[in-house]
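Right, one structure below, let's go through it.
Chain naming here is simple, since letters A, B, ... match the order of the sequence lines and numbering starts at 1 in each.
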Protein chains: 2
Amino acid sequence: MAQKFMIGELARRTETKVQTIRYYEEIGVMPQAIRAANNRRLYDETHLERLTFIRHSRELGFSLDDIRNLLALSDQPDRPCNEVDAIARTHLDNVESKIASLQVLQEELNRMISHCSGGKVSDCRIIKVLADHSLCQGHE
Amino acid sequence: MAQKFMIGELARRTETKVQTIRYYEEIGVMPQAIRAANNRRLYDETHLERLTFIRHSRELGFSLDDIRNLLALSDQPDRPCNEVDAIARTHLDNVESKIASLQVLQEELNRMISHCSGGKVSDCRIIKVLADHSLCQGHE
DNA sequence: CCTATATGCTACAGTCACTGTAGGAGCAAG
DNA sequence: CTTGCTCCTACAGTGACTGTAGCATATAGG
């Protein structure tokens with residue numbers, strides 16, 4: 001029988017907050033943990049693997065909903081992996097469009113800041129641009 | 001006396017949801033609107049300008065907290081604009097670091113997807129990488 | 001005058017992925 | 001026996017909205 005450990009150890013080994021693990025159980029991405037006689041949650045290596053998967057996927061920006069689907073798929077090793085691929089590609093698309101729109105923001109912020117003369121608020125280019133969308137790039 | 005109009009018109013002219021305007025009033029970034037005899041909110045051009053400023057700042061990714069500060073500063077035209085500048089620069093820093101971390105994700109997702117052979121889930125590189133952080137770039 | 005549609009109002013719940021807090025119980029070491 | 005650590009449940013808070021329920025009011029058409 002495998003070694004069991006409590007939530008604190010699982011939290012330490014996965015660098016996850018204890019509350020976060022309980023939250024994952026509550027919303028069903030982690031299974032209901034078996035309880036010891038004193039009502040404390042008991043885990044083994046399979047839980048550690050599952051939580052590692054979840055945390056790594058979160059680091060890569062997948063939503064918990066995506067992760068739920070990825071976990072369900074990884075439990076069915078014989079199915080083709082197109083669905084896994086589709087989830088990852090959709091997420092990549094989202095990441096790419098987020099990068100693109102942040103780069104537009106970045107340019108606009110740079111433009112605003114570089115035009116600021118360091119004088120009084122009444123002359124501040126930043127305030128002017130914020131007040132008037134037409135001063136933005138591409139609107140002159 | 002200036003022309004007054006109701007929340008629906010303000011919403012249309014700023015492309016903002018009516019609820020969002022009421023929300024801005026509730027949290028104090030928009031002033032408490034004067035009410036007509038029938039209890040409806042009345043606005044004029046100054047409200048339109050303020051809301052335009054807020055919406056444009058939001059589009060550029062400023063938090064409502066930042067916007068509150070920017071609005072307070074823009075109401076004091078004689079003060080030097082270093083504080084405005086500082087808010088904008090801090091925000092730009094945040095945008096830039098967000099871009100950088102999304103680019104790391106983008107690369108990793110690309111790597112994962114390109115290694116996926118299109119076979120069965122049990123052989124899927126995407127699932128393997130998610131389960132094992134050490135397969136990530138820089139960890140081999 | 002009646003009705004349909006549009007708009008307004010308040011108040012509250014839901015989103016996402018946690019994080020924090022209150023209040024209590026159990027257990028080991030000193 | 002007390003101190004300190006970990007565990008438990010239950011609930012509130014975050015940011016920036018968005019949606020819904022249930023009601024009142026206003027305007028236009030028939």
Side-chain angles (χ1 to χ4, degrees), chain A residues 4-30 32-43 47 50-51 53-71 87 90-91 94-95 98 101-102 105, chain B residues 4-30 32-43 47 50-51 53-71 87 90-91 94-95 98 101-102 105:
Chain A
K4 300 276 188 186
F5 44 85
M6 286 190 296
I7 201 166
E9 187 177 336
L10 183 62
R12 266 189 306 280
R13 289 172 66 185
T14 56
E15 289 167 74
T16 306
K17 297 247 151 90
V18 165
Q19 294 104 303
T20 303
I21 298 172
R22 290 197 281 244
Y23 169 71
Y24 288 161
E25 181 179 320
E26 195 184 313
I27 65 163
V29 295
M30 284 293 283
Q32 296 265 104
I34 312 158
R35 301 300 184 105
N38 55 14
N39 197 36
R40 298 188 180 187
R41 289 170 178 84
L42 292 178
Y43 298 97
H47 295 96
R50 196 174 175 96
L51 185 52
F53 185 103
I54 295 168
R55 294 305 282 178
H56 191 203
S57 302
R58 286 291 301 135
E59 274 172 43
L60 289 170
F62 287 95
S63 69
L64 286 172
D65 221 51
D66 279 349
I67 294 170
R68 217 190 298 270
N69 291 325
L70 289 169
L71 283 165
I87 293 171
T90 301
H91 180 49
N94 292 340
V95 167
K98 198 167 279 174
S101 62
L102 283 173
L105 297 194
Chain B
K4 300 276 188 187
F5 44 85
M6 284 190 297
I7 200 166
E9 186 176 337
L10 183 62
R12 266 190 306 279
R13 290 172 67 184
T14 56
E15 289 167 74
T16 307
K17 297 247 150 87
V18 165
Q19 294 104 305
T20 303
I21 298 172
R22 290 196 281 243
Y23 169 70
Y24 287 162
E25 181 180 320
E26 194 184 314
I27 65 163
V29 295
M30 284 293 284
Q32 296 265 106
I34 313 157
R35 301 301 183 106
N38 55 14
N39 197 36
R40 299 190 177 186
R41 289 171 179 83
L42 292 177
Y43 298 98
H47 295 97
R50 196 174 175 96
L51 185 51
F53 185 103
I54 295 167
R55 294 305 282 178
H56 191 201
S57 302
R58 286 291 301 135
E59 274 172 44
L60 289 170
F62 286 96
S63 68
L64 286 172
D65 222 52
D66 279 348
I67 294 170
R68 216 189 299 268
N69 291 325
L70 289 169
L71 283 165
I87 293 171
T90 301
H91 181 49
N94 292 341
V95 168
K98 199 166 278 174
S101 62
L102 284 173
L105 296 194

Can A/Arg55 and A/Tyr24 be counted as having a side-chain donor-acceptor contact under 3.5 angstrom? yes

Taking any heavy-atom pair under 4.0 Å as a contact, classify A/Tyr24: base, sugar-phosphate, or nothing. sugar-phosphate

When we call it a touch if two heavy atoms are under 4.0 Å apart, what does B/Ile7 touch: a base, just sugar-phosphate, or nothing? sugar-phosphate

Side chain to side chain contact (heavy atoms under 4.5 Å, CB included) with A/Ile7: of A/His47, A/Arg40, A/Arg22, A/Gln19, only one passes, and it is A/Arg22

Which whole-number value in Å describes the distance from A/Arg12 CZ to D/dC5 P? 13 Å

From CD1 (B/Ile54) to OG1 (B/Thr20), nearest 0.5 Å: 11.0 Å

Residue whose nearest DNA chain C nucleotide is more 5′ - A/Ser63 or B/Glu26: B/Glu26

Integer-rounded Å distance: D/dC17 C1' and B/Asp65 CG: 16 Å

Name the nucleic acid region contacted by A/Arg55, choosing base, sugar-phosphate or nothing; use a 4.0 angstrom heavy-atom cut-off, strictly under. sugar-phosphate

Below 4.0 Å from chain B heavy atoms, what is the first contacting nucleotide of DNA chain C and what is the last? C/dT7 to C/dT10

Spacing of B/Phe62 atom CZ relative to D/dA16 atom C1', expressed in whole Å: 16 Å

Hey, does A/Met6 have a side-chain heavy atom less than 4.5 Å from the side chain of A/Leu42? yes

Between B/His91 (side chain only) and B/Leu60 (backbone N and O only), is there a donor and an acceptor less than 3.5 Å apart? yes

Spacing between B/Ile54 atom CD1 and D/dA16 atom C1', to the nearest angstrom: 13 Å

What is the separation between atom OH on A/Tyr23 and atom P on D/dC8, rounded to the nearest whole Å? 18 Å

Find which nucleotide of DNA chain C each of A/Thr20 and B/Val18 is nearest to by heavy atoms, and output the residue with the more 5' nucleotide. B/Val18

With a 4.0 Å limit, can you tell me whether A/Arg41 has a side-chain N or O closer than that to the phosphate oxygens OP1/OP2 of D/dT9? yes

Establish, yes or no, whether the cationic atom of B/Arg13 lies under 6.0 Å from the six-membered ring centre of B/Phe5 and within 45° of the ring axis. yes

So CG of B/Leu71 and CZ of B/Arg68: to nearest 0.5 Å the spacing works out to 9.5 Å

Under 4.0 Å, heavy atoms only, any strand: does A/Arg58 hit a base, just the sugar-phosphate, or nothing? sugar-phosphate

What is the separation between atom CG on B/Leu60 and atom C1' on D/dA16, rounded to the nearest whole Å? 16 Å

Using a 4.5 Å cut-off on heavy atoms from C-beta on, say whether the side chain of A/Glu59 contacts that of B/Leu105. no

If I take atom CD in residue A/Gln19 and atom C1' in nucleotide D/dC8, what distance separates them, rounded to the nearest angstrom? 12 Å

What closest approach, in Å, do B/Thr14 and B/Leu10 show between heavy atoms, and which atom pair accounts for it? OG1-O, 2.7 Å

When rounded to whole Å, the CD to C1' distance for the pair A/Gln32 and D/dT9 reads 14 Å

Which value, rounded to the nearest 0.5 Å, describes the distance between B/Leu51 atom CG and B/Glu15 atom CD? 11.0 Å

Between the protein and nucleotides 22-28 of chain D, list every N/O to N/O distance that falls short of 3.5 Å.
unit_1: D/dA26; atom_1: OP1; unit_2: B/Asn38; atom_2: ND2; d: 3.2

